[in-house]
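These values consider heavy atoms only, across backbone and side chains, with no hydrogens, waters or symmetry-generated copies. By convention in this document, chain letters (A, B, ...) are assigned in the order of the sequence lines, proteins followed by strands, and residues within each chain are numbered from 1.
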Amino acid sequence: MLTLKYIRDHISEAKNGLRIRNYNDDGLQIIDEIVVLDDKRKANQTELDASLAEMKILSKEIGNYYKSGNKEKADNIKEKVALLKEGSKSLEQDRHMIEQELEDKLLSVPNIPHALVPSGNSDEDNEEVQAWPKPLEVIKDGLPHWELAKKYNLIDFDAGVKIAGSGFPLFRGKGARLERALINFFLDEAFNAGYEEIIPPLLVNSDTAKATGQLPDKEGQMYHCERDDLYLIPTAEVPVTNIYRNVIISESDFPIKLTGYTPCFRREAGSYGSDVKGLNRVHQFDKVEIVQIAHPDRSYQVLKEMVNYVESILIKLELPYRILRLCGGDLGFTSALTYDFEVYSAAQDKWLEVSSVSNFETFQTNRLKLRYKDTSGKNQLAHTLNGSALALARIVAAILENNQGPNGINIPEVLVPYTKFELIN
RNA sequence: GGAGGAGUGGCAGAGCGGUUGAAUGCACCGGUCUUGAAAACCGGCAUACCGAGAGGUAUCGGGGGUUCGAAUCCCUCCUCCUCCGCCA
């Protein structure tokens with residue numbers, strides 16, 4: 001959620017930002033509507049405050065008159081207060097309504113894109129900021145990962161369907177061990193890069209989901225346990241970032257670097273076709289997430305650092321990758337700037353998104369109320385960033401496809417200490 | 001799931017219907033003193049909103065109510081603690 005102050009002080013920047021996100025003139029009106037509502041809110045508060053202040057003073061007088069035994073005078077004032085009270089009540093009702101409306105509108109405004117974000121409508125307009133320098137090797141007669149998984153009995157999609165439904169893969173044997181090896185490898189890498197490991201709850205309450213922006217924007221994407229009003233997390237970002245909800249940290253606490261492995265649950269309604277085959281798009285997948293809470297002056301440097309970090313992992317895994325800067329049409333609701341990593345899947349001849357690294361600036365911290373005391377003692381909103389490092393399922397798909405050969409599938413060297421085997425055959 | 005107790009500032013802990021946004025202690029920050037430090041003393045020290053400012057309003061777990069007036073009384077929800085039951 002953008003801050004009111006930002007919107008009021010940067011009306012034209014806000015509108016330009018929304019244009020990058022392909023808002024038309026009608027859509028842009030939301031900004032003006034917010035300003036008008038806020039004016040209403042201010043006027044209301046001024047009036048209400050004055051009325052309450054008067055009531056307070058009169059109430060004190062009543063107290064004093066009672067003490068001195070002057071009942072008549074006290075009762076006189078009581079009538080006055082009763083009148084004031086009626087007025088305050090209706091003002092208060094107005095305030096509730098105005099605030100609710102304002103909040104709804106604010107929640108519907110996405111983050112303002114960073115100046116680097118190119119305009120564009122879809123993922124086809126994303127800007128390639130780093131291409132794979134070598135020619136891509138297409139494996140002739142290569143099998144897609146779902147067939148490899150079947151051939152080597154790594155993933156039993158049918159069993160997953162029976163147990164839960166489509167989109168819930170069941171890993172077994174070397175497939176399960178490869179999955180676990182990757183999780184441990186990623187966590188060790190993050191540890192070495194200075195991230196503190198977190199094992200968070202996998203179910204979160206609605207306050208938590210709201211604070212990181214999943215509610216109300218992505219309500220339909222999350223599994224919801226209605227009976228207890230809890231949501232299954234779509235990413236570790238949600239519980240991990242919420243550790244710092246309603247927290248004021250000191251400037252010396254920066255940088256806060258957290259990592260966590262969790263399964264991620266996504267309903268992903270509405271997708272179809274070959275994109276959803278195998279591990280490309282599933283309801284449950286494993287992911288190691290990295291989260292940083294950064295000083296606003298340093299957050300873009302931190303973003304770079306996180307991009308470099310993700311890149312270093314892909315290099316170690318020896319997978320061909322490219323880095324994209326998301327365009328306005330593809331940029332997530334809460335993000336100001338996002339870099340996507342895609343890995344080339346040789347058998348599908350397709351780039352698969354395996355990581356997304358974003359700076360949310362104050363968009364999340366405003367709702368989180370995550371602040372730090374600056375040198376002058378004032379509270380300021382911190383910046384949050386996160387990235388997948390990495391999303392497991394698609395990495396597995398890429399490893400299987402890219403490393404297949406006549407003798408089986410070769411495990412990247414860096415993983416062998418974790419898998420304890422070098423070849424799947 | 002059943003019975004009881006409790007939720008107050010960074011922490012500890014008063015207040016239980018009337019200048020109480022909240023005593024006191026600790027912690028923290030600034031100053032005096034000191035060669036320096038400690039001690040002692042003086043001052044500061046919650047958050048949000050409105051206001052150019054003076055200042056005002058709200059907040060004592062959340063929400064609602066009683067009252068001229070609520071941290072204090074009532075209702076409800078949440079959380080924590082103790083005991084019992086169940087259980088990995």
Side-chain angles (χ1 to χ4, degrees), chain A residues 1-9 34-107 199-211 215 225-231 239 242-254 256 362-382:
Chain A
M1 185 166 67
L2 294 170
T3 64
L4 257 175
K5 190 171 160 43
Y6 173 86
I7 291 176
R8 297 208 65 124
D9 294 349
I34 285 170
V35 173
V36 167
L37 264 175
D38 188 44
D39 286 337
K40 258 169 99 175
R41 182 191 123 259
K42 285 182 180 182
N44 172 284
Q45 193 185 333
T46 306
E47 204 179 333
L48 180 60
D49 282 2
S51 166
L52 289 174
E54 196 173 348
M55 276 167 61
K56 245 178 145 173
I57 292 165
L58 291 176
S59 292
K60 265 177 202 163
E61 275 181 38
I62 293 172
N64 288 334
Y65 281 128
Y66 271 127
K67 263 187 201 159
S68 59
N70 198 337
K71 227 183 153 181
E72 208 176 299
K73 271 212 159 142
D75 288 341
N76 248 331
I77 302 177
K78 265 197 200 177
E79 281 174 34
K80 250 168 128 181
V81 176
L83 232 70
L84 276 170
K85 199 177 179 180
E86 242 172 80
S88 312
K89 257 218 164 114
S90 90
L91 280 170
E92 217 153 315
Q93 276 171 7
D94 292 349
R95 194 190 64 182
H96 270 293
M97 268 167 47
I98 294 167
E99 278 177 354
Q100 190 57 55
E101 209 181 327
L102 189 56
E103 163 118 347
D104 288 348
K105 286 216 195 295
L106 280 171
L107 286 176
I199 300 179
L202 304 182
L203 279 81
V204 297
N205 58 37
S206 56
D207 283 345
T208 295
K210 204 172 151 190
L215 288 178
C225 308
E226 273 183 42
R227 196 169 164 157
D228 299 294
D229 195 22
L230 293 170
Y231 294 86
N242 268 276
I243 295 170
Y244 287 91
R245 171 150 53 92
N246 254 317
V247 169
I248 300 172
I249 59 178
S250 70
E251 215 161 334
S252 58
D253 292 333
F254 290 123
I256 294 173
T362 61
F363 198 83
Q364 288 184 327
T365 53
N366 185 32
R367 266 201 262 181
L368 284 164
K369 297 214 190 78
L370 163 51
R371 292 157 295 179
Y372 68 95
K373 271 203 193 308
D374 67 16
T375 38
S376 68
K378 264 191 87 178
N379 293 329
Q380 308 283 358
L381 293 172

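Judged by Watson-Crick or G-U wobble contacts below 3.5 Å, the nucleotide B:U47 has B:A58 as its partner. Judged by Watson-Crick or G-U wobble contacts below 3.5 Å, the nucleotide B:G17 has no partner. Across all strands shown, B:C73 forms a Watson-Crick or G-U wobble pair, both distances under 3.5 Å, with B:G65. Of all nucleotides present, only B:C42 satisfies the Watson-Crick or G-U wobble test against B:G30, with each distance under 3.5 Å. Under the Watson-Crick and G-U wobble criteria, each requiring two contacts below 3.5 Å, nucleotide B:C86 is left unpaired. The partner of B:A6 is B:U79, judged by Watson-Crick or G-U wobble contacts that both fall below 3.5 Å.
A:Leu102 has its side chain within reach of A:Leu4: a pair of non-hydrogen atoms, C-beta onward, lies under 4.5 Å apart. Between A:Val204 and A:Asn242 there is no side-chain heavy-atom pair separated by less than 4.5 Å. Here the side chains of A:Asp229 and A:Asn205 are not in contact, with every heavy-atom distance at 4.5 Å or above. Contact check for A:Val35 versus A:Arg8: side-chain heavy atoms found under the 4.5 Å cut-off.
We find that A:Lys378 and A:Asp374 are not joined by a salt bridge, their nearest charged nitrogen and carboxylate oxygen being 4.0 Å or further apart.
When rounded to the nearest whole Å, the span between CG of A:Asp253 and C1' of B:G10 equals 13 Å. Note: CZ (A:Arg8) to C1' (B:C49) measures 13 Å, nearest angstrom. Per the geometry, CG belonging to A:Asn246 stands 17 Å off P belonging to B:U79, to the nearest Å. Rounded to whole Å, the distance from CG on A:Asn379 to C1' on B:A48 is 10 Å. If you measure from atom CD of A:Gln45 to atom C1' of B:A48, you get 9 Å, rounded to the nearest angstrom. Between the NZ atom of A:Lys378 and the C1' atom of B:A48 there is a distance of 13 Å, rounded to whole Å. Rounding to whole angstrom units, CG of residue A:Asp39 and P of B:C49 are separated by 16 Å. Summarising the geometry, the separation between CG on A:Leu368 and C1' on B:U47 is reported as 17 Å, rounded to the nearest angstrom.
The salt bridge (Lys or Arg N to Asp or Glu O under 4.0 Å) test applied to A:Asp49 returns no partner, not counting sequence neighbours. With sequence neighbours left out, the side-chain hydrogen bond (donor to acceptor under 3.5 Å, both in side chains) criterion links A:Asp94 to no other residue.
The separation of B:A71 from B:C33, taken at their P atoms, amounts to 44 Å, rounded to a whole angstrom. Nucleotides B:G69 and B:G85 place their C1' atoms 47 Å apart, quoted to the nearest Å. Of the C1' atoms belonging to B:C29 and B:C78, the separation is 36 Å, rounded to the nearest Å. Comparing B:G15 with B:C73, their C1' atoms are spaced 15 Å from each other, to the whole Å. One C1' atom belongs to B:A38, the other to B:G51, and the distance between them is 46 Å to the nearest Å. Distance noted for atom P between B:A14 and B:G61: 15 Å (whole Å). With both ends at atom C1', the span from B:C60 to B:U79 equals 16 Å, rounded to whole Å. Only the P atoms considered, B:U57 is 28 Å distant from B:G7, to the nearest whole Å.
Taking only side-chain nitrogens and oxygens, A:Arg41 comes nearer than 4.0 Å to OP1 or OP2 of B:C50. A:Arg95 has no side-chain polar atom (N or O) that falls below the 4.0 Å cut-off from OP1 or OP2 of B:C49. At the phosphate of B:A58, OP1 or OP2 sits under 4.0 Å from a side-chain N or O atom of A:Lys56.
Mapping A:Lys42 and A:Leu52 onto RNA chain B via the closest heavy atom, the residue that lands nearer the 5' end is A:Lys42. Summary of the strand contacts: A:Asn64 and A:Leu48 both lie near RNA chain B, and taking for each the nucleotide with the nearest heavy atom, the more 5' one is attributed to A:Asn64.
Annotation: the span from A:Gln380 atom CD to A:Thr365 atom OG1 amounts to 10.5 Å, rounded to 0.5 Å.
Using modelled atom types and a 3.5 Å distance limit, the side chains of A:Asn76 and A:Glu72 yield no donor-acceptor pair.
Note on A:Lys73: nothing from the nucleic acid sits closer than 4.0 angstrom, heavy atoms only.
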Short heteroatom pairs, N/O only, protein and nucleotides 63-73 of chain B, under 3.5 Å:
{"unit_1": "B:C68", "atom_1": "O2'", "unit_2": "A:Ser59", "atom_2": "OG", "d": "3.0"}
{"unit_1": "B:G69", "atom_1": "OP1", "unit_2": "A:Lys85", "atom_2": "NZ", "d": "3.1"}
{"unit_1": "B:G69", "atom_1": "O4'", "unit_2": "A:Ser59", "atom_2": "OG", "d": "3.4"}

